[in-house]
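See below for the structure under consideration.
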Amino acid sequence: MVFGAAEAHGLRVKLHADQLSDRGGAALAARFHALSADHLEHASPAGLEAMAKAGTVAVLLPGAFYFLRDTKRPPVAAMRGLGIPIAIASDCNPGTSPVLSPLMVLNMACTLLGLTQEEALAGMTRHAAAALGLAGETGSLAPGMRADFAVWDIAGPAELGYWIGADPFIDSYVGGRRVRKEKKP
C-alpha cells in the first residue's frame, strides 16, 4: 500500500477523505498518523475519534463545498468536541474550487461551515502550518518562529473574513524579510 511505503520511508501522508461519502477515509488517515485529512463532510464519528487520537488535522475546504453546491456540512461541532485542530484552505483547482482569495475562504468558513472568526483565522495560520508539518516553524508569531506574516489595513482580525471583495492587504514578510506588494496596473 502507498501509505505503508510512505511510512517506511519516513514520509508523513495527507488524505483526501470522506468528501462525497463515508468511505472510512478519516479512520485510514488516523491509522497512518496522517498530517491531515481533507474535506471530511461525511466523516463518521468513529473516524473523527481516531483522528483526534492520532493528532491528524482536519482541513476544511469551503470553496469546494460552495462550488459543488454540497448540502452536507463537515461535522464541525464534533471536531470541536474532540479537540481536532481545524485548518481551512482554498483547495484552488479548476474543477471543483476555483477560489483564489484566502479572504473569501475565511468568509466561507464562517458563513457556510459555521466556524467562528477566531477558528477560521487559526485555521488559516497555526492549524494550516500543522497540516503541512510546519507547526514548529511557522503559523504563529512567536520567538523562534519564521516570521511569515501579512500586514492588513483593518481595525481588527474579524474584518479579514467580513468584507467581501475588499483588498486590505498592505505588505508581507517571509522569514522576517519584507516582500513588496506589486502595484496593479
Side-chain angles (χ1 to χ4, degrees), residues 13-30 34-135 138-140 150 152 154 156-169:
V13 297
K14 300 169 75 52
L15 181 70
H16 181 287
D18 304 329
Q19 180 183 17
L20 303 174
S21 65
D22 178 12
R23 298 292 220 173
L28 179 64
L35 285 169
S36 68
D38 301 353
H39 293 287
L40 300 167
E41 284 87 342
H42 295 269
S44 70
L48 293 177
E49 287 177 27
M51 283 179 58
K53 288 177 186 166
T56 300
V57 177
V59 179
L60 305 185
L61 303 157
F65 177 85
Y66 168 81
F67 194 74
L68 294 175
R69 298 180 185 172
D70 206 340
T71 57
K72 174 90 167 137
R73 288 174 31 168
V76 171
M79 292 174 190
R80 280 185 192 122
L82 292 166
I84 297 172
I86 300 171
I88 59 170
S90 71
D91 194 26
C92 181
N93 72 70
T96 61
S97 186
V99 180
L100 299 175
S101 169
L103 300 184
M104 192 70 224
V105 171
L106 281 170
N107 177 281
M108 289 177 171
C110 296
T111 59
L112 299 177
L113 305 184
L115 273 68
T116 66
Q117 289 285 346
E118 293 80 10
E119 288 172 325
L121 192 55
M124 286 288 261
T125 55
R126 72 175 181 270
H127 296 314
L132 295 170
L134 301 173
T138 190
S140 62
W152 306 93
I154 57 173
E159 286 188 46
L160 290 174
Y162 179 76
W163 296 108
I164 297 172
D167 184 13
F169 177 80

At what distance, to the nearest 0.5 angstrom, does [atom1] of [X] lie from [atom2] of [Y]?
X      : Y      : atom1 : atom2 : answer
His16  : Leu61  : NE2   : CG    : 7.5 Å
Ser44  : Arg23  : OG    : CZ    : 13.5 Å
Leu68  : Gln19  : CG    : CD    : 6.0 Å
Thr111 : Tyr162 : OG1   : OH    : 12.0 Å
Met104 : Tyr66  : CE    : OH    : 7.0 Å
Ile88  : Leu121 : CD1   : CG    : 8.5 Å

Notebook entry, point to check: Is a side-chain N or O of Thr56 found less than 3.5 angstrom from the main chain of Ala34, in a donor-acceptor match?
Noted result: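 It does hold such a pair.
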Note to self: Under a 3.5 Å distance rule, please check whether Asn107 uses its side chain to pair with a backbone N or O of Gly161 as donor and acceptor.
What the structure shows: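 Side chain of Asn107 to backbone of Gly161, a donor-acceptor pair under 3.5 Å: yes, one is there.
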Checklist line | Side-chain H-bond candidate by donor/acceptor type, Asp18 with Ser21, under 3.5 Å | finding: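 No, Ser21 and Asp18 have no side-chain donor paired with an acceptor closer than 3.5 Å.
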Next item on the list: Check the pair Ser140, Thr125 against side chain to side chain contact (heavy atoms under 4.5 Å, CB included), reporting the backbone distance first and the verdict last.
Entry: CA-CA 7 Å; Ser140 62; Thr125 55; over 6 Å; no
4.5 Å side-chain heavy-atom contact, [X] and [Y]:
X      : Y      : answer
Ile154 : Leu160 : yes
Pro157 : Gln117 : no
Pro98  : Phe67  : yes
Ile84  : Leu48  : yes

Quick check: closest heavy atoms across [X] and [Y], and the distance to 0.1 Å?
X      : Y      : result
Pro62  : Leu113 : CB-CD1, 3.8 Å
Ser90  : Val99  : CB-O, 3.7 Å
Ala17  : Ala26  : CB-N, 3.9 Å
Leu100 : Cys92  : CD2-SG, 3.6 Å
Ala150 : Phe169 : CB-CE1, 3.9 Å
Met79  : Ala58  : SD-CB, 3.8 Å

Checklist line | Pairing residues for His127 by the ring-ring contact (aromatic ring centres under 6.0 Å, His included) criterion, not counting sequence neighbours | finding: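 Result, ring-ring contact (aromatic ring centres under 6.0 Å, His included) vs His127: none returned.
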Next item on the list: Please test Phe65 against Glu41 for side chain to side chain contact (heavy atoms under 4.5 Å, CB included), starting from the C-alpha separation and ending with a verdict.
Entry: CA-CA 9 Å; Phe65 177 85; Glu41 284 87 342; 4.1 Å; yes
Margin query: Listing request: all salt bridge (charged side-chain N to carboxylate O under 4.0 Å, His left out) pairs with a residue in residues 67-92, at least two apart in sequence or in separate chains.
Written below: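 Output for this query lists Arg80-Glu119.
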Checklist line | Qualifying residue, where the test is side-chain contact (heavy atoms from CB on, under 4.5 Å) with Leu60 and the options are Asp38, Val105, Ile86 | finding: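 Checked Asp38, Val105, Ile86 against Leu60; only one passes side-chain contact (heavy atoms from CB on, under 4.5 Å): Ile86.
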Checklist line | Worked check of side chain to side chain contact (heavy atoms under 4.5 Å, CB included) between Thr138 and Leu132 | finding: CA-CA 10 Å; Thr138 190; Leu132 295 170; over 6 Å; no
Item checked: Worked check of side chain to side chain contact (heavy atoms under 4.5 Å, CB included) between His39 and Val59 -> CA-CA 6 Å; His39 293 287; Val59 179; over 6 Å; no
